[in-house]
Asker: 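Shown below is the structure under consideration.
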Amino acid sequence: MRRLGSVQQKIPCVFLTEVKEEQSRKRGGQQFQVVATENVNPVALEASIDCALATEKIDGTCCYVTAYKGQPHLWARLDRKPNKQAERRFRKYQYSHRSSKGFTWNVEEDFKMMPETWIPAHRVKHHSGHPVPDEHGHIPGWIPVEKDNKQYCWHSSVVDSDIGTALILRPSSDHEDMLEVAAVPLADLMEQTLELIGTNVNGNPYGLGNKKQPIHCLVSHGSVRIRNPPPVDFEQLCSWFQENPEGKAEGIVWHCNDGTLIKVHRHHLGLRWPDGETTLGDRSVVINVDGTVDEYNNSKDLFASFNRLNGQCFSRLTDIQFDFPFSEASAVTL
């Protein structure tokens, strides 16, 4: 089985990039834009990207499953960032040098304090016992999702810690072209990274739920495969994103045989995201949340709601809704 990488660090672009002085299409208030050149990144060539597994880049917020207090647990991404004074100094250096290389941090003084439960991400470099910031001036890391932390309420909604289960969106094992929402033991997801997607995440590009009935779920990184990926060529990738039905995605992440991850984002190519319907949102989906009544009677609303939909099939992911009864046009029992 091909090894799938874990998203613990920023993933390099498949092309070498350059900075243009124009308003970012991805980040509001950022007065520069990182764009791809037509030159393939040597990192991608060294990792034999032509033999890599191409997967859809999912637009959500990154999560991680690892142990906490002796049990499998969901962790939210939380990067340690510089304080305002250090951030200004860093941005000024970046602007004048067109790069962050050579900038010197004082990690003890320049960075905001973090909760005691915070841990740095894997492969973060350390110097004199302190984690070292990456090229963006951040120290990637994780914080456990606690029930009473309102900041992570949508993370909490997709896990039931009482029974150690998470709501996962993944390709169906029974129907090649279909997705499924399933309740999966957290123990089966140990050391995986995933994306939390849904109503209240990143503007909800996949059209899940609504404000009255928010829907969220987790998608394991690398689980949504691209069956006919384009060659690693600037023009062909641009055409694929604009013309191919599979190309209605935020981007591509290649999982190389040596564990290296390489990506391309539509913004790297000067293309909009989101831009209308999405490949993921257009796929049909079956609900397989078949816990017992006793398990979900005292469970969170989202688990109980999906449990009531168990066995239902929707023609599009965006059609999932918890109104009852169902219309025959939107749902049938398999």
Side-chain angles (χ1 to χ4, degrees), residues 1-18 34-60 62-65 121-125 134-136 140 168-180 188-195 197 218-271 273 278-280 282-283:
M1 182 178 291
R2 186 186 297 266
R3 177 183 173 187
L4 294 180
S6 173
V7 180
Q8 297 277 345
Q9 301 285 322
K10 294 287 185 182
I11 303 175
C13 180
V14 71
F15 299 109
L16 294 177
T17 58
E18 61 184 15
V34 179
V35 297
T37 67
E38 297 191 17
N39 301 311
V40 178
N41 193 330
V43 172
L45 297 174
E46 290 169 11
S48 302
I49 193 167
D50 289 337
C51 303
L53 177 70
T55 69
E56 181 172 339
K57 186 179 187 302
I58 304 299
D59 187 4
C62 197
C63 302
Y64 176 41
V65 177
H122 293 184
R123 295 186 295 278
V124 167
K125 295 178 181 178
D134 61 19
E135 61 183 296
H136 306 282
I168 301 293
L169 177 68
R170 64 188 182 185
S172 169
S173 57
D174 297 325
H175 303 271
E176 182 181 356
D177 297 326
M178 184 176 285
L179 300 169
E180 70 172 357
D188 292 353
L189 305 170
M190 282 291 283
E191 300 309 315
Q192 287 190 30
T193 54
L194 315 93
E195 290 287 310
I197 64 170
L218 294 164
V219 184
S220 295
H221 288 140
S223 62
V224 182
R225 313 291 172 86
I226 295 174
R227 284 177 291 186
N228 298 296
V232 179
D233 172 84
F234 188 92
E235 293 298 332
Q236 292 191 66
L237 275 166
C238 284
S239 297
W240 182 83
F241 277 116
Q242 295 176 92
E243 300 168 9
N244 193 296
E246 274 195 299
K248 295 182 293 183
E250 185 193 23
I252 299 175
V253 177
W254 288 269
H255 291 251
C256 302
N257 287 327
D258 65 356
T260 299
L261 297 177
I262 308 289
K263 73 177 180 184
V264 68
H265 192 292
R266 293 176 71 100
H267 289 138
H268 287 134
L269 307 176
L271 303 176
W273 174 260
T278 64
T279 303
L280 195 72
D282 280 347
R283 290 181 66 172

Asker: Is there a donor-acceptor pair under 3.5 Å between the side chain of E250 and the backbone N or O of W273?
Answerer: no
Asker: Compare all side-chain heavy atoms of L280 with those of L169 and state whether any distance is below 4.5 angstrom.
Answerer: yes
Asker: Measuring only between side-chain heavy atoms, which start at C-beta, is H255 closer than 4.5 Å to L261?
Answerer: yes
Asker: Just to verify, what does N39 make a side-chain contact (heavy atoms from CB on, under 4.5 Å) with, not counting sequence neighbours?
Answerer: L16, T37
Asker: Under the rule for side-chain contact (heavy atoms from CB on, under 4.5 Å), what residues qualify as partners of E38, not counting sequence neighbours?
Answerer: F234, E235
Asker: Using a 4.5 Å cut-off on heavy atoms from C-beta on, say whether the side chain of C256 contacts that of I262.
Answerer: yes
Asker: For R170, check side-chain contact (heavy atoms from CB on, under 4.5 Å) against everything at least two apart and list the hits.
Answerer: I168, E180, A182, V184
Asker: With sequence neighbours excluded, tell me which residues meet salt bridge (charged side-chain N to carboxylate O under 4.0 Å, His left out) with D282.
Answerer: K248, R316
Asker: Only counting residues at least two apart or in another chain, list the ones meeting salt bridge (charged side-chain N to carboxylate O under 4.0 Å, His left out) with D174.
Answerer: none
Asker: What's the separation between atom NZ in K263 and atom NZ in K10, rounded to the nearest 0.5 Å?
Answerer: 6.5 Å
Asker: Supply the atom-to-atom distance R225 CZ to L53 CG, rounded to the nearest 0.5 angstrom.
Answerer: 4.5 Å
Asker: Only counting residues at least two apart or in another chain, list the ones meeting side-chain hydrogen bond (donor to acceptor under 3.5 Å, both in side chains) with H122.
Answerer: Y64
Asker: What pairs with T260 under side-chain hydrogen bond (donor to acceptor under 3.5 Å, both in side chains), at least two apart in sequence or on another chain?
Answerer: D258
Asker: What is the ring orientation for H265 with H267, classed by angle as parallel under 30°, tilted 30 to 60°, or perpendicular over 60°?
Answerer: parallel
Asker: Using the side-chain contact (heavy atoms from CB on, under 4.5 Å) criterion, which residues pair with P229? Sequence neighbours excluded.
Answerer: A54, I226
Asker: When you measure from the side chain of R266 to the backbone N and O of Q242, does any donor-acceptor pair fall under 3.5 Å?
Answerer: no
Asker: Holding to side-chain hydrogen bond (donor to acceptor under 3.5 Å, both in side chains), I want the full list of residues that pass it with T278, two or more places apart in sequence or in another chain.
Answerer: none
Asker: Go through L189 and S220 one step at a time and tell me if the side chain to side chain contact (heavy atoms under 4.5 Å, CB included) criterion holds.
Answerer: CA-CA 8 Å; L189 305 170; S220 295; 4.2 Å; yes
Asker: Can you find a heavy atom in the side chain of P230 that is under 4.5 Å from one in the side chain of N244?
Answerer: no
Asker: Tell me if a side-chain donor or acceptor on S172 pairs with a main-chain N or O of H175 at a distance below 3.5 Å.
Answerer: yes
Asker: Check side-chain hydrogen bond (donor to acceptor under 3.5 Å, both in side chains) between E195 and all other residues, then give those that pass, not counting sequence neighbours.
Answerer: H221
Asker: Any side-chain heavy-atom pair from I252 and K57 closer than 4.5 angstrom?
Answerer: no
